[in-house]
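The structure appears below as structure tokens.
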Amino acid sequence: MTSALRSYGLSLPDYPWEAMAPYIARAAEHPGGVANLSIGTPVDATPEVVQEALRAAANAPGYPTVHGTAGLREAIAAWFERRRGVPGLDPQAIMPTVGSKELVAWLPFLLGLKPGDVVVRPTVAYPTYDIGATFAGAEHIAADDLDELDAATRARVRLVWVNSPANPTGSVRDAESLRRIVRQARELGAVVASDECYAELGWGEWDVQRGGAPVPSILDPQVAEGSHQGLLAVYSLSKQSNLAGYRAAFVAGDPAIMANLVNSRKHAGMIVPYPVQEAMRVALGDDAHVLAQKDIYRGRRERIVPALERFGLTIHDSRAGLYLWATAGEATWVTVARLADRGIVVGPGVFYGDAGNGFIRVALTANDERIDAAASRLAEGP
């Protein structure tokens with residue numbers, strides 16, 4: 001019998017990390033075991049104050065709200081003022097999301113983008129920005145400044161992604177750079193969505209605890225120039241609070257866009273569970289655990305950086321976040337293989353666009369013992 005069914009399913013590229021399997025297997029042969037510095041998943045404990053908030057909210061028989069509880073949205077607004085330099089944010093213009101990756105993937109579709117529209121993302125970037133454009137049927141283009149685009153392409157730009165601090169490069173846009181992007185996008189009537197989830201993890205000139213300046217938000221008054229129209233800030237607690245397993249994130253900004261997003265997500269049932277909302281509320285009110293976790297990452301960073309440099313790697317950008325963006329002046333996969341021979345797994349720069357060729361991404365999200373093991377192996381002779 002001939003089936004009348006057509007082929008179903010989306011036509012998407014293979015998930016890139018599958019290509020790492022042979023290198024992980026190669027690293028596993030090291031007698032000291034694998035030091036996996038490739039994936040940015042937290043390994044340290046979720047703070048007890050947050051775990052207790054989750055337990056206290058566990059009796060949740062009713063449906064939670066898509067828009068989030070008033071208490072959570074007020075906590076987010078207070079956090080934006082206290083930690084991100086954004087005063088007076090209206091809690092109505094805030095919404096929790098099921099992690100930030102789902103928002104990145106679905107935002108072009110939820111904004112109503114269509115074939116012919118253009119989504120601009122950074123030259124070196126997390127691949128989900130492109131996948132989100134694909135879901136909407138829109139075109140994705142890599143550029144770090146809208147002046148890089150020809151006039152015909154610029155006219156079709158509807159969404160501009162900013163990622164500062166950036167994954168994987170760790171680059172940071174200052175207020176002047178962000179303001180330029182905002183002005184360019186507003187001239188076109190485009191939305192700017194800023195993925196800011198590493199903002200608390202600045203280093204060097206951006207390390208607030210060591211006398212540096214705070215990483216600016218797209219909603220900062222210096223950037224937004226009096227209005228959040230067309231602007232969205234996306235944030236996640238996965239990194240600063242070790243809540244990756246909770247899928248705890250939020251978006252804030254343009255009140256009109258937010259109202260539409262809330263309505264659309266109601267129809268789709270895209271809801272953060274109530275216990276997670278309560279855990280987020282408590283986490284955002286407790287700065288102490290964030291600073292303690294940053295100290296842990298700072299220590300790991302200070303131990304692994306000189307080891308990587310002794311191995312012959314040059315570190316670029318890496319001014320904030322949980323990654324080191326490095327090159328040995330050779331093809332990405334050659335460096336990945338050489339490190340795998342020492343039992344060290346890193347992220348290939350080619351996963352983040354053509355401009356990432358020749359680079360690797362080294363994550364600080366391994367425990368202290370594995371960081372020290374990697375540093376020791378990097379110091380060994382060839």
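Numbering starts at 1 and runs along the sequence shown.
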(request) Over all heavy atoms of both residues, which pair between Ser194 and Glu196 is shortest? Give the atoms and the distance, please. (result) OG-OE2, 2.8 Å
(message) Show, in sequence, the C-alpha distance, side-chain angles and deciding distance for Asp150 and Thr153, and conclude whether the side-chain hydrogen bond (donor to acceptor under 3.5 Å, both in side chains) test is met.
(response) CA-CA 5 Å; Asp150 60 65; Thr153 301; 3.0 Å; yes
(message) Check this for me, if you would: do Arg247 and Glu102 make a salt bridge, where the nitrogen-to-carboxylate-oxygen distance has to be below 4.0 angstrom?
(response) no
(request) Under the ring pair (Phe, Tyr, Trp, His ring centres under 6.0 Å) rule, collect the residues that match up with Tyr323, sequence neighbours excluded. (result) Tyr198
(request) For residues Leu237 and Ala283, report the shortest heavy-atom separation together with the two atoms involved. (result) CD1-CB, 4.1 Å
(message) Under a 3.5 Å distance rule, please check whether Asn242 uses its side chain to pair with a backbone N or O of Ala45 as donor and acceptor.
(response) yes
(message) To the nearest 0.5 Å, what is the distance between CG on Asn260 and CG on Leu111?
(response) 8.0 Å
(request) State yes or no: do Leu284 and Ile94 share one hydrophobic cluster built from I, L, V, M, F, W and Y residues joined by side-chain heavy-atom distances below 4.5 Å, directly or via other members? (result) yes
(request) Compare all side-chain heavy atoms of Tyr297 with those of Asp44 and state whether any distance is below 4.5 angstrom. (result) yes
(request) Evaluate the ring planes of Trp325 and Phe359, with Trp represented by its six-membered ring, and classify them as parallel (under 30°), tilted (30 to 60°) or perpendicular (over 60°). (result) parallel
(request) List the atom of His228, the atom of Leu219, and the distance in Å for their closest heavy-atom pair. (result) NE2-O, 3.1 Å
(request) Taking all non-hydrogen atoms of both residues into account, name the closest pair between Pro115 and Ala136 and its distance. (result) CD-O, 4.1 Å
(message) Is it the case that the side chain of Thr335 and the backbone of Trp333 share a donor-acceptor pair, with hydrogens and angles ignored and the cut-off at 3.5 Å?
(response) no
(message) Please give me the minimum heavy-atom distance between Arg361 and Pro168, naming the atom from each residue.
(response) CD-CB, 3.4 Å
(message) One thing to verify: whether Asp117 and Lys114 come together as a salt bridge, which I'm taking to mean a side-chain N less than 4.0 angstrom from a carboxylate O.
(response) yes
(message) Could you walk me through whether Met258 and Asp254 satisfy the side chain to side chain contact (heavy atoms under 4.5 Å, CB included) test, starting with their C-alpha distance in whole Å, then the side-chain angles of each, then the deciding distance to 0.1 Å, before giving a yes or no?
(response) CA-CA 6 Å; Met258 196 65 58; Asp254 187 313; over 6 Å; no
(request) Ignoring hydrogens and angles, tell me if any N or O in the side chain of Thr65 forms a donor-acceptor pair with the backbone of Gly68 under 3.5 Å. (result) yes
(request) State, yes or no, whether a side-chain contact exists between Thr365 and Ile39 at a heavy-atom distance under 4.5 Å. (result) no
(message) Please determine whether residues Leu113 and Leu12 belong to a single hydrophobic cluster, defined as Ile, Leu, Val, Met, Phe, Trp and Tyr linked transitively by side-chain heavy-atom distances below 4.5 Å.
(response) yes
(message) Using the rule that Ile, Leu, Val, Met, Phe, Trp and Tyr join whenever any side-chain heavy atoms are under 4.5 Å apart, tell me whether Trp106 and Val98 fall into a single cluster.
(response) no
(message) What's the separation between atom OG in Ser164 and atom CD1 in Ile181, rounded to the nearest 0.5 Å?
(response) 10.5 Å
(request) Classify the angle between the aromatic ring planes of Trp161 and Tyr129 as parallel (below 30°), tilted (30 to 60°) or perpendicular (above 60°). (result) tilted
(request) For atom CD of Glu48, decide whether the heavy atoms of other residues, nucleotides or ligands shown that lie under 6.0 angstrom number more than 12. (result) yes
(message) I'd like to know if the side chain of Thr327 and the backbone of Gly358 have a donor-acceptor N/O pair within less than 3.5 Å.
(response) yes
(request) Please examine the side chains of Phe80 and Ser217, heavy atoms only from C-beta on, and report whether any two atoms are closer than 4.5 Å. (result) yes
(message) Would a single hydrophobic cluster contain both Leu72 and Tyr274, if residues Ile, Leu, Val, Met, Phe, Trp and Tyr are joined by side-chain heavy-atom contacts under 4.5 Å?
(response) no
(request) Could you tell me the separation between the CG atom of Leu103 and the OG atom of Ser236, rounded to the nearest 0.5 Å? (result) 11.0 Å
(request) Spell out, as yes or no, whether a donor-acceptor pair under 3.5 Å connects the side chain of Arg342 to the backbone of Glu380. (result) yes
(message) Check this for me: does any side-chain nitrogen of one of Arg180 and Asp145 sit under 4.0 Å from a carboxylate oxygen of the other?
(response) yes
(message) I'd like to know if Glu200 pairs up with Lys239 as an ion pair, taking the criterion as any Lys NZ or Arg NE/NH1/NH2 lying under 4.0 Å from an Asp or Glu carboxylate oxygen.
(response) no
(message) Quick check against the 3.5 Å criterion: does His67 have a side-chain atom that pairs as donor or acceptor with the backbone of Gln92?
(response) yes
(request) Go through the steps for Tyr352 and Asn167 under the test side chain to side chain contact (heavy atoms under 4.5 Å, CB included), then give the verdict. (result) CA-CA 9 Å; Tyr352 303 94; Asn167 173 16; 4.2 Å; yes
(request) Please check if Val162 and Trp206 belong to a single hydrophobic cluster, counting links between Ile, Leu, Val, Met, Phe, Trp and Tyr side chain heavy atoms closer than 4.5 Å. (result) no
(request) Tell me whether the centres of the aromatic rings in Tyr235 and Phe250 are closer together than 6.0 Å. (result) yes
(message) Measuring only between side-chain heavy atoms, which start at C-beta, is Gln209 closer than 4.5 Å to Lys294?
(response) yes
(message) So which atom in Val282 and which in Ala53 form the shortest heavy-atom distance, rounded to 0.1 Å?
(response) CG2-CB, 3.5 Å
(request) Please examine the side chains of Leu313 and Glu309, heavy atoms only from C-beta on, and report whether any two atoms are closer than 4.5 Å. (result) no
(request) Before giving the answer on side chain to side chain contact (heavy atoms under 4.5 Å, CB included), spell out for Tyr246 and Met280 the whole-Å C-alpha distance, their side-chain angles and the decisive distance to 0.1 Å. (result) CA-CA 9 Å; Tyr246 285 47; Met280 290 173 66; over 6 Å; no
(request) Tell me, yes or no, whether the heavy-atom count around Phe109 atom CZ, taken from other residues, nucleotides or ligands under 6.0 Å, exceeds 12. (result) no
(request) Taking the side chain as every heavy atom from C-beta outward, state whether Leu89 and Glu81 have any pair of such atoms under 4.5 Å apart. (result) no
(request) Rounded to the nearest 0.5 Å, what's the gap from CG on Leu324 to CZ on Arg300? Could you check? (result) 13.0 Å
(request) Check whether any side-chain N or O of Ser238 sits under 3.5 Å from a backbone N or O of Ala248 as a donor-acceptor pair, and report yes or no. (result) no
(request) Please confirm whether the backbone N or O of Val215 pairs with a side-chain atom of Arg84, one donor and one acceptor, at under 3.5 Å? (result) yes
(message) The test is salt bridge (Lys or Arg N to Asp or Glu O under 4.0 Å); show your working for Arg55 and Glu52 and say whether it passes.
(response) CA-CA 5 Å; Arg55 287 190 289 266; Glu52 179 53 39; 3.2 Å; yes
(request) Assess whether atom CD of Gln51 is packed by more than 12 heavy atoms of other residues, nucleotides or ligands within 6.0 Å. (result) yes
(message) Quick check on side-chain contact (heavy atoms from CB on, under 4.5 Å): which of Leu291, Leu201, Val290, Leu322 does Gln240 satisfy it with?
(response) Val290
(request) Return yes if some donor-acceptor pair links the side-chain N/O of Arg265 with the main-chain N/O of Val66 below 3.5 Å, else return no. (result) no
(request) Kindly indicate whether the side chain of Gln277, heavy atoms from C-beta on, has any atom under 4.5 Å from the side chain of Pro64. (result) yes
(request) Drop me the distance from Thr46's OG1 to His289's NE2, to the nearest 0.5 angstrom. (result) 9.0 Å
(message) Any carboxylate oxygen within less than 4.0 angstrom of a Lys/Arg side-chain nitrogen, looking at Arg281 and Glu278?
(response) yes
(message) A quick test of your reading: do over 12 heavy atoms of other residues, nucleotides or ligands sit less than 6.0 Å from CG of Asp354?
(response) no
(message) If I take atom CD1 from residue Ile218 and atom CG from residue Leu231, how far apart are they, to the nearest 0.5 angstrom?
(response) 5.5 Å
(message) Quick check against the 3.5 Å criterion: does Asn163 have a side-chain atom that pairs as donor or acceptor with the backbone of Pro165?
(response) yes
(request) Measure the shortest side-chain to side-chain distance between Arg298 and Arg210 over non-hydrogen atoms and say whether it is less than 4.5 angstrom. (result) yes
(request) Evaluate side chain to side chain contact (heavy atoms under 4.5 Å, CB included) for Leu159 paired with Val120, printing each intermediate quantity in order. (result) CA-CA 6 Å; Leu159 173 62; Val120 178; over 6 Å; no
